[in-house]
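Written below as structure tokens is the structure these notes are about.
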Amino acid sequence: MESRGTTLESTKRIFITFASNATPTRRGNPRMNTDAFTNHESNVRRYGRSFPTVFTKALGATIWDETGKPHIDFVVGSGALNYGHNNPTIMAPAIEYLVGDNIILSLDMYTAAKRDFIEVFVDSILKPRGLSYKIQFPGPTGTNANEAALALARKYTGRSSVMAFTNAFHGMSLGSLAVSGSASTKELGGVARHDVIRVPYDSYPNQTFDSAGYIDCVLGDPGSGIEKPAAIILETIQAEGGMNVASAAWLSEIQRICRKHGVVLIVDDIQAGAGRTGNFFSFEFAKIEPDIVCLSKSLSGSGSPLSIVLIRPDIDVWNPGEHSGTFRGNNLAFVTAEAMCKMWSDAQFTADVERTAVNVQKHLDRLVAKFPTCIEQKRGRGLMAGLKFRSQAVVTRVHDVAFENGLLIESSGPDRDVIKVLPPITITDEELDHGIAILDHALQEQANGH
């Protein structure tokens, strides 16, 4: 019988052969039929309006539409495809798993795929970083993870309120919406935002305000009128909030404050984690150890939905079955997540990610210097980057021109005036250079007044 390793190598060869032929042939009629979407899909659709074409195939940082036109992808599933489309190292084990009559859905039962993922995650991700967490599988999406984290913090402390930050975004379910900062999400749930204390993020509203000192003060002052919360939940980089970055000093101080006042520190690492900033966790640079960490988006490495909550062991006070969800056991995602985690044990891979992060930052520094009339500043950190523009109108035009020329980008921030630059962390130098050249062209056209 052929060994699993040999089978896997054969599968990889098949996959790579398929991938090399992935570019679709141009069809005779370049006009694509979008009637099914416009006639039958809800008005809530968003990305289809931003990119009015029909996509068919993708590999790495490139995605092709029905006419065969390639696009460099700087959106990557809003950060859910950090390792690129159809990464063969990640997808080959999935193909092998699918053809083997293996378990796909398992609730929270024990399976071999789940065991393998847990062991590799602990050995490749947690132990090398000196971290020790229990792992909860709350459901398939990031907002499932945040809801579970908030519920657990409230159960553990016996307190009901949560402290959350200006310009935060934590998901689209009611609890996650409540702790999000954007005014546009306020009425989406149809309910008021109870039990949430809104506080200023790092450098909000300006560099001179000490938001951490303010939080420490109000939590320690019985006359502040602010009750002690169960948790403080934060993103180290507020992607949807406009690529606002928390400093290492501020994060360290927030952790100190949480420990001083007996408050659970939750880091929402759903978009910034799983390698996006250049490290696996976005908080590593600050040398902090959150009480709870939420991961999703690129955790599976493949776009298959998977989320986990990492819990400091003494905080894991759940009773069996107290928190549930049908799709906690996505075994195909366990398989791809295992393959992704193993990549972080490869010194060449981590070196390449660090080098790519440096290149992205250099490219953006050059654009800021070249187009001062369009761009106000560079934002973000590592491969989670953005450009703050001087007006939302400029962003709209740059977005449209970039798309016309084969680059996918999206905007963020309360005024939608920040362009997010989220290439795959595995992007090739050629793809990165090509994508930046398209963005440069779109900026040049705007700077010239076209």
Side-chain angles (χ1 to χ4, degrees), residues 3-5 7-9 11-12 15 77 79-129 131-149 269-271 273-276 280-281 292-311 316 318 320-321 323-346 349 425-426:
S3 70
R4 186 180 186 276
T7 303
L8 182 55
E9 289 305 313
T11 306
K12 283 186 178 180
F15 184 90
L81 292 165
N82 286 354
Y83 302 85
H85 296 271
N86 291 310
N87 186 309
T89 300
I90 293 171
M91 295 305 295
I95 295 170
E96 181 187 12
Y97 191 82
L98 280 173
V99 300
D101 295 328
N102 290 299
I103 300 292
I104 299 297
L105 175 67
S106 59
L107 302 177
D108 71 348
M109 293 184 286
Y110 304 150
T111 65
K114 184 177 182 179
R115 180 182 57 205
D116 291 346
F117 164 69
I118 291 173
E119 291 177 346
V120 170
F121 185 80
V122 170
D123 291 341
S124 297
I125 304 300
L126 294 185
K127 285 184 177 179
R129 292 161 179 81
L131 299 172
S132 177
Y133 290 114
K134 300 291 284 295
I135 304 171
Q136 179 184 354
F137 297 90
T141 70
T143 198
N144 293 138
N146 282 336
E147 294 279 1
D269 226 14
I270 288 162
Q271 186 163 165
R276 174 44 59 187
F280 187 85
F281 295 108
I292 298 177
V293 181
C294 299
L295 288 170
S296 187
K297 283 193 181 286
S298 281
L299 177 61
S300 76
S302 61
S304 188
L306 174 66
S307 72
I308 59 175
V309 181
L310 303 178
I311 307 166
D316 184 25
W318 288 122
H323 192 278
S324 189
T326 302
F327 295 101
R328 289 168 290 167
N330 182 351
N331 284 257
L332 188 62
F334 295 153
V335 170
T336 57
E338 176 194 350
M340 178 275 292
C341 290
K342 287 179 178 177
M343 295 168 72
W344 288 90
S345 297
D346 181 346
F349 168 78
I425 68 174
T426 54

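Heavy atoms only: backbone and side chains are in, while hydrogens, waters and symmetry mates are out. Quick caveat: nothing in here was measured; it's all calculated off a predicted structure.
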Go through the steps for N146 and T143 under the test side-chain hydrogen bond (donor to acceptor under 3.5 Å, both in side chains), then give the verdict. CA-CA 5 Å; N146 282 336; T143 198; 5.6 Å; no
Any side-chain heavy-atom pair from L98 and I104 closer than 4.5 angstrom? yes
For Y83 and W344, take the angle between the two ring planes, folded into 0 to 90°, and tell me which bin it lands in: parallel under 30, tilted 30 to 60, perpendicular over 60. perpendicular
Atom pair CZ/CZ of F117 and F137 - distance to nearest 0.5 Å: 5.5 Å
Interatomic spacing from CG in L107 to OG in S324 - rounded to 0.5 Å: 7.5 Å
Going by salt bridge (charged side-chain N to carboxylate O under 4.0 Å, His left out), name the pairs with one or both residues in residues 100-110, residues two or more places apart or in two chains. D108-R328
How far does CG of L81 sit from CD1 of I425, to the nearest 0.5 angstrom? 11.5 Å
Measuring from I95:CD1 to T336:OG1, what's the distance to the nearest 0.5 Å? 11.5 Å
With sequence neighbours excluded, residues passing ring pair (Phe, Tyr, Trp, His ring centres under 6.0 Å) with F281: F283
Would you check if F121 and L295 make a side-chain contact, meaning some heavy-atom pair closer than 4.5 Å? yes
Who are the salt bridge (charged side-chain N to carboxylate O under 4.0 Å, His left out) partners of R129, not counting sequence neighbours? E284
Listing request: all salt bridge (charged side-chain N to carboxylate O under 4.0 Å, His left out) pairs with a residue in residues 131-140, at least two apart in sequence or in separate chains. K134-D316
Which residues satisfy the ring pair (Phe, Tyr, Trp, His ring centres under 6.0 Å) test with H323, sequence neighbours excluded? W318
Pairwise distance OG(S304) to CE(M91) - rounded to 0.5 angstrom: 8.5 Å
With S296 via side-chain hydrogen bond (donor to acceptor under 3.5 Å, both in side chains) - residues at least two apart: none
Counting neighbours of CZ on F327 that are heavy atoms of other residues, nucleotides or ligands and sit closer than 6.0 Å, is the number greater than 12? no
d(L310 CG, S132 OG) to nearest 0.5 Å is 10.5 Å
Any side-chain heavy-atom pair of M109 and I103 under 4.5 Å: no
